[in-house]
Q: 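I'd like to ask you about the structure that follows.
Side-chain atoms are counted along with the backbone in the values below, which use heavy atoms only and exclude waters and symmetry mates.
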There are 2 protein chains.
Amino acid sequence: MNARDTFKQLPHKTIERLSQYRRALLICLDNNKDHIFSHEIAKIQHITPVQVRRDLMLIGYSGTLRKGYNIKELIDLIADIIDSEEGIKVAIVGMGNLGRALINYFSGKRHKLSIAAGFDVNPDKIGKTVNGIPCYDCKTMSQVIQEQNIEIGIITVPDTQSTAIAKKLVESGIKGILNYTPKPVEVPDGVYLEEYDMITTLEKVAFYVKMENERTVDVAVKRQGQGTAASNF
Amino acid sequence: MNARDTFKQLPHKTIERLSQYRRALLICLDNNKDHIFSHEIAKIQHITPVQVRRDLMLIGYSGTLRKGYNIKELIDLIADIIDSEEGIKVAIVGMGNLGRALINYFSGKRHKLSIAAGFDVNPDKIGKTVNGIPCYDCKTMSQVIQEQNIEIGIITVPDTQSTAIAKKLVESGIKGILNYTPKPVEVPDGVYLEEYDMITTLEKVAFYVKMENERTVDVAVKRQGQGTAASNF
DNA sequence: TAGTAATTGTTAATTTAATAACAGTGCAAA
DNA sequence: TTTGCACTGTTATTAAATTAACAATTACTA
């Protein structure tokens with residue numbers, strides 16, 4: 001089995017972390033650092049140093065004892081693994097606030113991943129550019145995607161439209177969809193789908209805040225109880 | 001152990017799914033459905049029916065054989081578990097595209113979770129409202145958060161500011177932070193932190209698209225090889 | 001009424017992910 | 001030169017999450 005096949009079997013979580021390591025490493029590089037220890041990376045990412053070393057072991061990268069990992073080398077290796085050599089083009093469907101936020105996030109950023117087009121139905125937006133990215137009419141979606149060989153679509157339309165947009169993206173030959181609407185979409189086999197729902201994330205935070213609040217109250221009550229009991233003596 | 005304590009020990013993933021189930025269920029309710037089967041929920045969420053039944057088992061909800069789950073009851077039970085009775089207030093720090101996108105996502109939505117304030121440093125934004133949410137000066141953050149008893153902060157500022165904002169939120173007494181900038185922040189024990197990085201998610205999609213592309217090529221090469229071999233006979 | 005199909009609820013098994021344990025190594029200080 | 005410390009790299013263990021297996025129940029059909 002060659003290196004490329006090994007990478008195919010990397011755990012999903014490792015893939016995510018590699019992307020995050022790279023971002024942290026690029027910042028370190030900007031700060032003229034040339035080596036980094038596993039515990040430094042770990043601190044930034046809120047994980048353990050062992051986790052970091054294990055991930056790097058999986059991709060076959062070795063550091064130097066007592067010196068750590070060479071930042072530049074590691075960045076390049078991560079790029080070899082997660083980036084596509086030829087580059088991959090991305091389209092954003094829905095140039096509302098979220099779509100524009102994503103474009104701004106990406107603009108001026110490195111890597112082999114570029115946002116090539118935006119789509120919208122609003123005539124005020126069609127024909128204009130956002131941060132250099134042209135906005136096309138949704139009606140021309142298939143044509144633009146095929147002509148420009150765009151492989152990934154990000155859905156940032158109102159959730160009433162998400163199903164229809166996903167269908168259209170698939171028909172246009174898209175290979176991967178990232179759906180940011182709270183309504184799940186369906187795709188056929190062979191199209192990679194990732195859904196992310198901001199409301200769920202916020203509700204999760206709220207749940208654990210609630211738990212912490214109740215725990216704090218419980219502890220207080222318990223202390224109170226103990227105190228009372230103790231005062232009986 | 002009472003019911004509340006049981007809920008504390010629910011798997012993290014189950015918490016996330018409960019939030020998603022609820023959203024799907026609310027849509028079904030709007031469509032005048034009153035019961036739903038585990039396989040129907042599963043289909044919507046791209047998971048297995050067993051997973052759904054297991055989650056519902058964990059929260060102690062029973063359906064009716066051959067009739068499924070009562071949608072209204074289930075929605076109420078999920079609300080009991082994940083919502084805070086008194087409600088929880090949320091602040092958004094950074095009223096750029098992403099901050100405004102989040103406000104629009106939430107506005108008009110149900111539940112005990114409300115966005116109470118936005119913050120920004122831009123004088124053009126301060127004093128205005130977005131979808132009914134007032135935007136305050138970042139300088140008044142601590143005061144507003146304490147006065148209004150806001151417990152959760154969402155960070156949507158440029159990533160150069162994320163560290164400073166997180167610090168300020170913690171100092172203001174916030175209990176949970178949701179960081180949408182690509183730069184991880186630090187919080188002390190007792191503050192729940194959730195980080196979400198859109199770039200990582202997109203890079204992950206790109207990775208699996210790349211893998212699929214390579215697989216397809218491999219299969220084609222293999223077929224080609226087989227064909228040639230066969231033609232030797 | 002007996003048989004069959006569809007569905008839930010639960011325990012068991014498996015898979016995936018994270019953590020712990022520890023051997024190995026090189027540098028620095030005694 | 002030796003001892004101890006601070007790292008890496010790897011295997012072993014544990015924990016979390018998912019999936020499989022299957023008993024139990026009900027409705028429907030012949």
Q: Given axes from five pairs at either end, by how many degrees does the helix from dT1(C)-dA30(D) to dA30(C)-dT1(D) bend, rounded to 10°?
A: 10°
Q: To the nearest Å, how far apart are H35(A) NE2 and dA6(D) C1'?
A: 16 Å
Q: For dT18(D), take OP1 and OP2 only and decide whether either is under 4.0 Å from a side-chain N or O of R17(B).
A: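 The answer is yes; a side-chain N or O of R17(B) sits under 4.0 Å from OP1 or OP2.
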Q: May I ask you to say whether D83(A) pairs ionically with R22(A), meaning some side-chain N is under 4.0 Å from a carboxylate O?
A: yes
Q: Rounding to a whole Å, what distance do you find between Q51(B):CD and dT10(C):C1'?
A: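 Between C1' of dT10(C) and CD of Q51(B): 14 Å.
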Q: Which nucleotide wins on minimum distance to the side chain of H12(A), given the candidates dT19(D), dA17(C), dA12(D)?
A: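 It is dA17(C).
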Q: Check this for me, if you would: do E171(A) and K168(A) make a salt bridge, where the nitrogen-to-carboxylate-oxygen distance has to be below 4.0 angstrom?
A: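 No.
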Q: Take atom CG of L58(B) and atom P of dA17(D), then tell me their distance rounded to the nearest Å.
A: 11 Å
Q: Protein-nucleotides 7-9 of chain C N/O pairs closer than 3.5 Å?
A:
residue : atom : partner : partner atom : Å
dT8(C)  : OP1  : S38(B)  : N            : 3.1
dT8(C)  : OP2  : S38(B)  : OG           : 2.7
dG9(C)  : OP1  : S62(B)  : OG           : 3.2
dG9(C)  : OP1  : G63(B)  : N            : 2.7
dG9(C)  : OP2  : Y69(B)  : OH           : 3.0
dG9(C)  : N7   : R53(B)  : NE           : 2.9
dG9(C)  : O6   : R53(B)  : NH2          : 3.1

Q: Taking the side chain as every heavy atom from C-beta outward, state whether F119(B) and I165(B) have any pair of such atoms under 4.5 Å apart.
A: no
Q: Atom CG in L98(A), atom CZ in R100(B): separation rounded to 0.5 Å?
A: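 Here the interatomic distance stands at 12.0 Å.
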Q: Taking R215(A) first and then E212(A), would you say they form a salt bridge - that is, a charged N and a carboxylate O separated by under 4.0 Å?
A: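 Here R215(A) pairs with E212(A) in a salt bridge, since their nearest N and O are under 4.0 Å apart.
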Q: Expressed in angstrom and rounded to an integer, what is the separation of Q45(A) atom CD from dA18(C) atom C1'?
A: 16 Å
Q: For the pair made of CG in L10(B) and C1' in dA16(D), what is the distance, rounded to whole Å?
A: 14 Å
Q: Salt bridge check: are E194(B) and K204(A) linked by an N-O gap of less than 4.0 Å?
A: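 Looking at E194(B) and K204(A), the cut-off is met.
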Q: Hey, which of D197(B), T200(B), T201(B) is the one that makes side-chain hydrogen bond (donor to acceptor under 3.5 Å, both in side chains) with S19(A)?
A: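 That would be T200(B); it is the only one of D197(B), T200(B), T201(B) passing the side-chain hydrogen bond (donor to acceptor under 3.5 Å, both in side chains) with S19(A).
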Q: Figure out the NZ/C1' separation between K13(B) and dA15(D), and round it to whole Å.
A: 14 Å
Q: Verify, without hydrogens or angle tests, whether K210(B) (side chain) and I81(A) (backbone) share a donor-acceptor contact under 3.5 angstrom.
A: yes
Q: Scan residues 169-191 of chain A for pairs that pass ring-ring contact (aromatic ring centres under 6.0 Å, His included), counting only residues two or more places apart or in two chains.
A: Y180(A)-Y196(A)
Q: Side chain of R54(A) only, please: which of dA17(C), dA18(C), dT18(D) is the nearest?
A: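 So the side chain of R54(A) is nearest to dA18(C).
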Q: Which whole-number value in Å describes the distance from D55(B) CG to dA16(D) P?
A: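 One finds 16 Å between P of dA16(D) and CG of D55(B), rounded.
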Q: For the pair made of CD1 in I15(A) and P in dT16(C), what is the distance, rounded to whole Å?
A: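 Interatomic distance, CD1 of I15(A) to P of dT16(C): 14 Å.
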